[in-house]
S.K.: 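Quick one: the structure is below, questions incoming.
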2 protein chains.
Amino acid sequence: MNGKRVRPSIRDSLLKSAVTLFAQNGYNAVSLRDIAKAAAANVGSITYHFGSKAGLLREIYARHTEPMNARRRELLGEARRISDLDERLMAILRAYVVPAFISSSESDGGGAEFTRLRAIMSAEGNPDARAIIADAFDETSRAFVDAVAECLPGASRESLVWRSQFLLGGLYYTLINPERVTRLSGGKAEGDNREEAIRELVAATFASFRSLSEADAEPAPVVTKQRKRA
Amino acid sequence: MNGKRVRPSIRDSLLKSAVTLFAQNGYNAVSLRDIAKAAAANVGSITYHFGSKAGLLREIYARHTEPMNARRRELLGEARRISDLDERLMAILRAYVVPAFISSSESDGGGAEFTRLRAIMSAEGNPDARAIIADAFDETSRAFVDAVAECLPGASRESLVWRSQFLLGGLYYTLINPERVTRLSGGKAEGDNREEAIRELVAATFASFRSLSEADAEPAPVVTKQRKRA
DNA sequence: GAGCAATTTGTACATTCGTACAAACTAGAG
DNA sequence: CTCTAGTTTGTACGAATGTACAAATTGCTC
C-alpha cells in the first residue's frame with residue numbers, strides 16, 4: 001500500500017535516534033555519524049533511506065506533524081461543543097497544549113520530544129528546517145485562535161494572536177529549559193513534570209486570554225491548585 | 001584603567017559582528033571565518049583577542065550581562081516604591097521586559113539582539129554556552145519573582161515561578177519568531193514592533209499573574225489598547 | 001538452491017571547521 | 001631614526017562533516 005516494503009527496524013531506529021538527538025542538541029550539532037552510532041547502523045544507510053540530512057529531517061516532520069495536528073483537531077472539535085464559554089476556553093487551551101506534551105498513545109504522533117525538536121529548530125533558524133516547517137502548523141494555529149475568539153467576545157484579533165504567541169513561547173521554553181523552574185522554585189515545582197507544566201501553562205494562558213473578554217464582570221474561575229478563598 | 005590600551009576598532013567590530021551573527025544563526029552554525037569576514041578582519045585576530053570561539057562568546061556575555069541586569073535592578077527598585085499593588089506589578093513587569101527589548105541608551109547593555117542571542121543559546125544547549133550562562137540571570141529572576149510575590153498575597157511560589165517561566169518563554173519566542181505574529185494576524189499586528197510586543201507581553205503576563213491573587217474582587221485594570229467599555 | 005532486488009557496509013572524497021603559529025605590519029617611546 | 005611591544009595577516013594542520021558509490025550481504029520468489 002505504501003509502495004515500499006514494510007521492512008522496519010533500521011529505518012525506524014534511525015528516525016527514532018535522530019529525533020532524540022536533534023531534540024537534545026539541535027540540528028547542526030548532531031552529525032549523521034552520531035545518529036548512525038545511536039541507531040547501531042551505518043552512516044551510508046542514512047543516505048540510502050533519506051537521501052540527505054535535510055531529507056531525514058523532512059521525514060521526521062512528515063511522520064509527526066499530521067498525527068499531532070489530527071489529535072489537536074479532534075480535541076478542538078470536542079472542546080467546541082461545550083456551551084459554557086469559560087469551560088470551553090479551558091478545553092480549547094488543553095486541546096492545544098496537551099498533544100504537544102503527551103504523545104497520542106501510538107509511538108508516533110506528537111509528544112514532548114518532537115515539540116522540543118520544533119522549539120530548537122525554530123530557534124536555530126536553520127535554512128533546511130525553514131523550508132520544511134513551512135506553515136505546517138499555521139493552519140492549526142489559525143483554527144485555535146478562531147476557536148478562542150468565539151469564547152471572548154470583543155477581543156481583538158491582534159491581541160489573541162499575541163497571546164497565542166506567548167503560549168507557544170511558554171510551551172517551547174518549558175520543554176527547552178525545565179531545570180530553570182525547578183531551580184528558581186527551590187525544588188517546590190518540577191519543571192519536567194508534564195502534568196504540572198500543562199496545568200500551569202493552561203491556567204496562566206486562560207487568565208491571559210480571559211482578561212481580554214468584554215464580559216469580565218463574572219469572576220474568572222481560578223484553576224490553579226493553590227487557590228484559596230480569602 | 002582597564003589594564004589594556006583603549007585601541008578599539010577591530011576588537012569591537014569583531015564582537016559586534018559576532019553578536020549579530022550568533023543572534024541570527026545560532027552558535028554552531030556560525031564559523032569564525034564568517035565573523036571575521038563580517039568584521040572585515042582576519043580569522044587569526046579572533047584567536048588573538050579571545051583565545052577561542054568559546055572565549056569570544058564569554059566576552060559577549062561579559063559585555064552585556066551586567067549592564068542589562070543593572071538596568072533591570074534600577075527599574076525594579078523604582079517599581080518597588082509604588083504603593084498601589086496593581087500599578088506596582090505592572091511596573092515590575094516592565095522592569096523585567098523592557099531592558100530585554102530595548103538597549104539601555106549606550107551601545108552596550110541589553111537590547112533585543114542580545115536577548116535573541118540568549119534565546120538561541122538556551123535552545124541550542126551548547127556546552128560552551130552552558131558553562132558561560134551559568135546562573136548569570138538567576139539572581140535577577142529571583143529578585144523579580146520576589147518583587148512580584150509582594151504584589152500578590154496568597155500566590156504560591158511555584159505558580160509565580162511557572163508564570164515567570166512562561167513570561168521568559170514568550171519573550172524569547174517573540175524575538176526568535178516575530179513573523180508568526182504578523183502572519184497569523186494577517187498583518188494586523190507587527191511581530192517585530194518592539195513597543196507593541198512589550199505592551200502585549202506585559203498585559204498578558206499581568207493578567208496571568210493577577211489571577212493568582214487572593215484579592216480578585218477588585219477588577220483588574222485592562223491595559224490592552226482594544227479595551228472597550230461594554 | 002539459484003537468482004535477484006533491496007538493503008547494509010565500508011571506504012573515499014572534497015569541504016569546512018577551530019586552532020596554532022610564524023611572518024609582516026604598526027605606532028609610540030627613547 | 002631605532003627599538004619594541006602590540007596587532008594583524010597568511011597559511012597550515014588535524015579533525016570532523018555531508019555525501020557518493022562500489023562491494024558485500026540479506027531475504028524473498030521461483
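Proteins get letters first, then strands, A, B, ... in listed order; numbering begins at 1 in each.
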S.K.: Salt bridge check, B:D128 against B:K53: does any charged N sit closer than 4.0 Å to a carboxylate O?
M.R.: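 A salt bridge is absent here (no side-chain N lies under 4.0 Å from a carboxylate O).
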S.K.: How close or far is atom P of D:dT17 from atom NZ of A:K53, stated in whole angstroms?
M.R.: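 After rounding, the gap between these two atoms is 9 Å.
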S.K.: Check whether any side-chain nitrogen or oxygen of B:H49 sits under 4.0 Å from OP1 or OP2 of D:dG6, and answer yes or no.
M.R.: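 Checking B:H49 against D:dG6: no side-chain N or O falls below 4.0 Å of OP1 or OP2.
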S.K.: Given that B:G44 and B:L32 both sit by DNA chain C, which one's nearest nucleotide is further toward the 5' end?
M.R.: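 The residue whose closest nucleotide sits nearer the 5' end is B:L32.
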S.K.: Looking across every strand, which nucleic acid part, if any, lies under 4.0 Å from B:S45 by heavy atom: base, sugar-phosphate, or nothing?
M.R.: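 Here B:S45 touches the bases of the nucleic acid.
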S.K.: Between D:dT17, D:dT19, C:dT8, spot the one nearest the side chain of A:I10, thanks.
M.R.: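 Side chain of A:I10 sits closest to C:dT8.
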S.K.: May I have the distance from A:R11 (atom CZ) to C:dT8 (atom P), rounded to whole angstrom?
M.R.: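 It works out to 10 Å between those atoms.
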S.K.: Does A:N42 place a side-chain N or O at less than 4.0 Å from the phosphate oxygens OP1/OP2 of C:dT8?
M.R.: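 Checking C:dT8 against A:N42, no side-chain N or O comes under 4.0 Å of OP1 or OP2.
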S.K.: Expressed in angstrom and rounded to an integer, what is the separation of A:N28 atom CG from D:dA16 atom C1'?
M.R.: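 A:N28 atom CG is separated from D:dA16 atom C1' by 14 Å.
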S.K.: Find the distance B:K37:NZ to D:dG10:C1' and express it as a whole number of Å.
M.R.: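 In whole Å, D:dG10 C1' lies 15 Å from B:K37 NZ.
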S.K.: Taking atom C1' of D:dA16 as reference, at what distance in whole Å does atom CD1 of A:I35 sit?
M.R.: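 It works out to 15 Å between those atoms.
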S.K.: What is the separation between atom CD1 on A:I46 and atom P on C:dT7, rounded to the nearest whole Å?
M.R.: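 From A:I46 CD1 to C:dT7 P: 16 Å.
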S.K.: Establish, yes or no, whether a centroid distance under 6.0 Å links the rings of A:F114 and A:Y61.
M.R.: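 Between A:F114 and A:Y61, the centre distance is under 6.0 Å.
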S.K.: Cation-pi check for B:F50 against B:R58: NZ or CZ below 6.0 Å from the six-membered ring centre and within 45 degrees of the axis, yes or no?
M.R.: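 No, B:R58 does not sit over the ring of B:F50.
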S.K.: Are any of A:Y48's side-chain N or O atoms less than 4.0 Å away from OP1 or OP2 of C:dT7?
M.R.: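 Affirmative; the distance criterion is met.
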S.K.: Return the value, rounded to whole Å, for the distance between atom CZ of B:F50 and atom P of C:dA20.
M.R.: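 Whole-Å distance recorded here is 16 Å.
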S.K.: Expressed as a whole number of angstroms, how long is the span from A:Y27:OH to D:dG18:P?
M.R.: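 Whole-Å distance recorded here is 8 Å.
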S.K.: Do the side chains of B:R63 and B:E59 get close enough for a salt bridge, i.e. N-O under 4.0 angstrom?
M.R.: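 Between B:E59 and B:R63 there is a salt bridge, with a charged N closer than 4.0 Å to a carboxylate O.
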S.K.: Taking 4.0 angstrom as the limit, do B:D146 and B:R157 come out as a salt bridge?
M.R.: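 B:R157 and B:D146: salt-bridged.
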S.K.: Can a side chain N or O of A:S31 be found less than 4.0 Å away from OP1 or OP2 on D:dT17?
M.R.: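 Answer yes for this pair, as a side-chain N or O of A:S31 is under 4.0 Å from OP1 or OP2.
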S.K.: Among C:dA20, D:dA12, D:dT19, which nucleotide sits nearest the side chain of B:R33?
M.R.: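 Given the options C:dA20, D:dA12, D:dT19, the side chain of B:R33 is closest to D:dA12.
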